[in-house]
Each structure stands twice: as structure tokens, then as C-alpha cells.
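Each ligand, and each atom within it, is numbered from 1 in the order the structure gives. Computed from a predicted model, the values in this text were never measured in an experiment.
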Amino acid sequence: MFQRMQQKWGINGKQFWVIFIAFGLTGLTTAVVTRYVTDWIGLTADSFWLWKVLIRIAMLLLGYQFILLAYGALLGQWAFFWKYEKLLLQKIGIIGSKMANNSKKQTKIAIFASGAGSNAANIIRYFEHRTDVTIALIVCNKPGAGVLNIAENYGVPTLLIEKERFAKGDAYLPALKEAGIEFVVLAGFLWKVPAALIAGYPNKIINIHPALLPNYGGKGMYGAKVHEAVIAAGEKESGITIHYVNEHYDEGATIFQATCKIDSVDSPESLAAKIHDLEYAHFPKQIDALLAAQQH
Ligand code: GRF
């Protein structure tokens, strides 16, 4: 339940507990302040009941919300509580939905990654200060993967997935939709993407492959294996391919490719470093351009 709430609100584990504490402190403080206010006004146990009820309602509607915002700000969670207040004001009809949602729509991206996560980190940094796009979730199938630490460091919520449910169950589609995910980026994710997920995100799932597809792709072609095969074949160049994801490994339509030269001294490791540089330089920009193009 906690995990579902974290995904829905786009918060991580630490934030969840800070927010929980802020609500608790607000409840206590409001009760104390309400008592002071009733005393100050001069209401006693014998006063007319309606006045006491009205005071409590006023404290709940106004005092509680101000105290909540104050604790939220003090505990470094102003953005969360401000969003919460705006949604509340929208629900009781005081402001319109446009205002509540900041009028600008924010596209939420989920990055699926199960490795070191250097691309995930690079993408998170690229969109870090943007208000129109956010990396809202890291989806991972490997407990202990480096990308989970990266998510923790940047405060991005994570979802650890399990094979049976992903491949043969609901593919976590309801969880992704509930978290408001609109676009999926695979960056070092090795499982085949099931039909249910592709159907749920048509033309909105992309992958990066560390070679020039259609060569050196397919099942089992990942990481060092790709670079070893490229060098063993005596290729003079390699590169990256960013492509849409379909139900077959590395076969969706190509969106973008960039190349690098392979020197006679290159090893699979040095080629991997060149490829990573290309990925860092192009992947976030391509995601950005694609999102902009899809919005028109
Ligand atoms: C990248 O080289 C990408 O092309 C491939 O997996 C690798 C992930 O590396 N799909 P990292 O985990 O982002 O460092």
C-alpha cells in the first residue's frame, strides 16, 4: 500500500515518512491551537454548541491547512504540500483544475533499467530542473542493481518488478498508469517487453542499443557481448541506435543513430566507453525532441 501511495504521489520512501510526520504534527498542533483560540474567544463548556462547532470547522478549513504548509516548508516538502493544497482547493471548488495543475502539463517518464544506470542518471540530470518533464519512476528487475542507488540519490521512486507478473500477468501496466507514466525509456533493461505493455504505450516506449542496428542486436546481444562481436568482426565503426520498442528484441523502428570510429587499438572496453559517451550526448536530447514532436 505504501509503495502504491509513493508512486501515485511521485515521492520516495524518505519523503513518504517526512510527509507522514508533517501530517501528524499538524494534527497535534491544530488541536492545541484550537484550544487556545476557544479560550481566547472566551468559549467555555457552557457556551452555545454552534459557536464551538463553527470554530472547529474554521480551524480545520483554515488553520490546519496553514499549519500543514508551515510544517511542510520546515521539513523541506513545500512542493508536495503546495500541490496537495491546490488539489484540495480544486476539490472544494475554490480554484479551477487548470490552476491546480499549474496549467502546464508535466510529462512523467519511467526509466526501465537493471544495470549500473549511468544513462538513467544522465537522463535524470538532464530533466532535473524542467517543469514540463520529469523522471517519475525507475523500474528495475534486479535487486541490488546500481540504478537503484542512483534513484535513491536523486530521490526518484522505484518499482522492483518480478518476471512472472511482468511477462505473463498485467505487465505492471495498472501500476504505471496509476503513477501517471506517459512515456517509457529503456536504458539497460534486458527483459523482453510484453505485448500488454506495448499496447498500453503505443509509440511511447523507446530503447537504446549500443550498436548500429539491425546489426549486432537481438536476444543475448547486450553489454560487452555487443562490443566483442563488433570488434571480432573487424568493423571500422560502431555507434548507438535509439528505437521504438516492439515485441521483438531490438527490432522496432529506428529513431536515431550516431556513429563512432573503431581504431585498431580499441578493445571491447574502450569501445564501450566511446559508446557510452555517444549515449550521454544524445539520449536525453532525443527523448526531449521526441516528446516535443509527439505533443504536436
Ligand atoms: C547502455 O550501453 C545501453 O546502450 C544498453 O545498456 C547499457 C546501459 O548502461 N541498452 P548503463 O546501465 O546506463 O550504464
Can you pull out the closest protein heavy atom to [atom]? Residue, atom name and distance to 0.1 Å, please.
atom	value
atom 10 (N) of ligand 1	Ile208 O, 2.9 Å
atom 7 (C) of ligand 1	Gly188 CA, 4.2 Å
atom 14 (O) of ligand 1	Ser118 OG, 2.5 Å
atom 12 (O) of ligand 1	Gly117 N, 2.8 Å
atom 9 (O) of ligand 1	His276 NE2, 3.3 Å
atom 4 (O) of ligand 1	Glu279 OE2, 2.3 Å
atom 13 (O) of ligand 1	Asn119 N, 2.8 Å

- According to the interplanar angle, ranging from 0 to 90°, do the rings of Phe20 and Phe16 count as parallel (below 30°), tilted (30 to 60°) or perpendicular (above 60°)? parallel
- Task: Could you check whether the rings of Tyr84 and Phe81 sit parallel, tilted or perpendicular, using 30° and 60° as the cut-offs?
- Result: perpendicular
- Message: The test is side-chain contact (heavy atoms from CB on, under 4.5 Å); show your working for Ser238 and Ile275 and say whether it passes.
- Response: CA-CA 8 Å; Ser238 187; Ile275 295 289; 3.9 Å; yes
- For atom CZ of Arg130, decide whether the heavy atoms of other residues, nucleotides or ligands shown that lie under 6.0 angstrom number more than 12. yes
- Step through it carefully: locate the ring centre of Phe166, locate the ring centre of Phe189, and say whether they are under 6.0 Å apart. yes
- Are the side chain of Thr134 and the backbone of Lys108 linked by a donor-acceptor contact shorter than 3.5 Å? no
